[in-house]
Amino acid sequence: MSLAQLLLACSLSFTALTLSTAAHADNAPAKAASKKTAKAKPAAKAAEAKPLDEDVAEPSVHESSATDFDCELGNKITIYENANDDAHIALRWKKRLHRLTRVGTSTGANRFENHVYGLVWIGIPAKGMLLDSKQGRQLANECRNAEQMKPLAANEAAATGTSLQ
């Protein structure tokens, strides 16, 4: 196939594509009118969006117990748990309160997520960590509460030969 034939074939296919697009655009007003008559779809979308509002709204922590965590690099996190609601926690991070929902795990770790902000809290017996799932990075690691700090203090005291009492 010569270069002239190749250019001719390309220009013909481009012309056909342009005519096809123009004909499709002429039918667009008819489609727009049919979309206006179907009003049931936006109502379904609004019902789906409702769970996201829970993740955005700042949760109430009045009847919750608070646990403070000290993390690496001086970061601090507070977890609020309600005895009546095992499926959610409130997490204070950077002066903002976020509602996180429990996600089941196969390892037994406590995992809570907020899909709107991309926050993931993973709690294991030795420590906790806060992740940003949207950017794929750690926000806070080596987070420990007062109970989790006790074994560390005992190990340090044993290493230096001093007593905790």
Side-chain angles (χ1 to χ4, degrees), residues 17 21 24-25 28 31-165:
L17 180 67
T21 306
H24 188 272
K31 287 183 181 179
S34 66
K35 285 184 181 179
K36 287 181 183 177
T37 59
K39 295 200 180 216
K41 289 182 182 179
K45 287 182 181 179
E48 290 174 11
K50 201 170 229 177
L52 294 179
D53 292 341
E54 289 181 354
D55 288 344
V56 174
E58 193 164 293
S60 173
V61 294
H62 292 297
E63 296 179 5
S64 302
S65 62
T67 306
D68 294 320
F69 288 83
D70 293 320
C71 307
E72 281 183 327
L73 306 173
N75 291 316
K76 299 209 181 284
I77 292 175
T78 304
I79 302 278
Y80 298 93
E81 295 177 289
N82 190 339
N84 299 332
D85 186 8
D86 192 32
H88 298 93
I89 63 169
L91 182 135
R92 183 171 301 283
W93 166 251
K94 300 282 184 180
K95 299 180 182 179
R96 174 100 165 81
L97 202 56
H98 301 276
R99 177 186 170 108
L100 281 76
T101 304
R102 181 180 296 276
V103 176
T105 64
S106 61
T107 62
N110 291 318
R111 180 182 175 112
F112 294 89
E113 295 183 7
N114 182 311
H115 294 287
V116 174
Y117 293 103
L119 294 177
V120 177
W121 171 257
I122 299 174
I124 59 175
K127 69 175 187 174
M129 64 186 80
L130 184 64
L131 308 171
D132 183 343
S133 65
K134 288 188 175 184
Q135 295 183 359
R137 64 184 180 103
Q138 291 182 1
L139 298 174
N141 196 358
E142 300 294 326
C143 300
R144 291 185 171 86
N145 60 23
E147 283 295 313
Q148 293 167 331
M149 291 286 210
K150 286 180 183 178
L152 292 178
N155 289 342
E156 290 174 5
T160 60
T162 59
S163 174
L164 287 177
Q165 298 174 359

S.K.: Would you mind reporting whether Glu81 and Ser65 have side-chain heavy atoms less than 4.5 Å apart?
M.R.: yes

S.K.: Is the shortest side-chain heavy-atom distance between Tyr117 and Lys134 below 4.5 Å?
M.R.: no

S.K.: Carefully, step by step, assess Glu142 and Leu73 under the rule side-chain contact (heavy atoms from CB on, under 4.5 Å).
M.R.: CA-CA 9 Å; Glu142 300 294 326; Leu73 306 173; over 6 Å; no

S.K.: In Å, rounded to the nearest 0.5 Å, how long is the span from OG1 of Thr105 to CD1 of Ile124?
M.R.: 11.0 Å

S.K.: With side-chain contact (heavy atoms from CB on, under 4.5 Å) as the test, would you mind laying out the steps for His115 and Glu113 before giving the verdict?
M.R.: CA-CA 6 Å; His115 294 287; Glu113 295 183 7; 2.9 Å; yes

S.K.: Does Arg102 form a side chain to side chain donor-acceptor pair (under 3.5 Å) with His88? I'd like the steps, not just the answer.
M.R.: CA-CA 6 Å; Arg102 181 180 296 276; His88 298 93; over 6 Å; no

S.K.: Is there side-chain contact between Arg92 and Ile77, with heavy atoms separated by less than 4.5 Å?
M.R.: no

S.K.: Can you name the closest pair of heavy atoms from Leu100 and Leu119 and give their distance?
M.R.: CD2-O, 4.3 Å

S.K.: Which value, rounded to the nearest 0.5 Å, describes the distance between Arg99 atom CZ and Leu91 atom CG?
M.R.: 13.0 Å

S.K.: Rounded at 0.5 Å granularity, tell me how far OG in Ser64 sits from CG in Asp85.
M.R.: 8.5 Å

S.K.: Restricting to non-hydrogen atoms, name the atom on Asn75 and the atom on Leu139 that form the minimum distance, rounded to 0.1 Å.
M.R.: ND2-O, 3.6 Å

S.K.: Kindly indicate whether the side chain of Ile89, heavy atoms from C-beta on, has any atom under 4.5 Å from the side chain of Tyr80.
M.R.: no

S.K.: Looking at every heavy atom in both Gln148 and Arg144, which two are closest together, and how far apart are they?
M.R.: OE1-CA, 3.2 Å

S.K.: Between Ser133 (side chain only) and Gly118 (backbone N and O only), is there a donor and an acceptor less than 3.5 Å apart?
M.R.: yes

S.K.: Tell me which pairs pass salt bridge (charged side-chain N to carboxylate O under 4.0 Å, His left out) where either residue lies in residues 59-78, with sequence neighbours left out.
M.R.: Asp70-Lys76

S.K.: When the aromatic ring centroids of Trp121 and Phe69 are compared, is their separation below 6.0 Å?
M.R.: yes

S.K.: Begin with the C-alpha distance, continue with both residues' side-chain angles, and end with the deciding distance and a verdict on side-chain contact (heavy atoms from CB on, under 4.5 Å) for Ile122 and Leu131.
M.R.: CA-CA 8 Å; Ile122 299 174; Leu131 308 171; 3.8 Å; yes

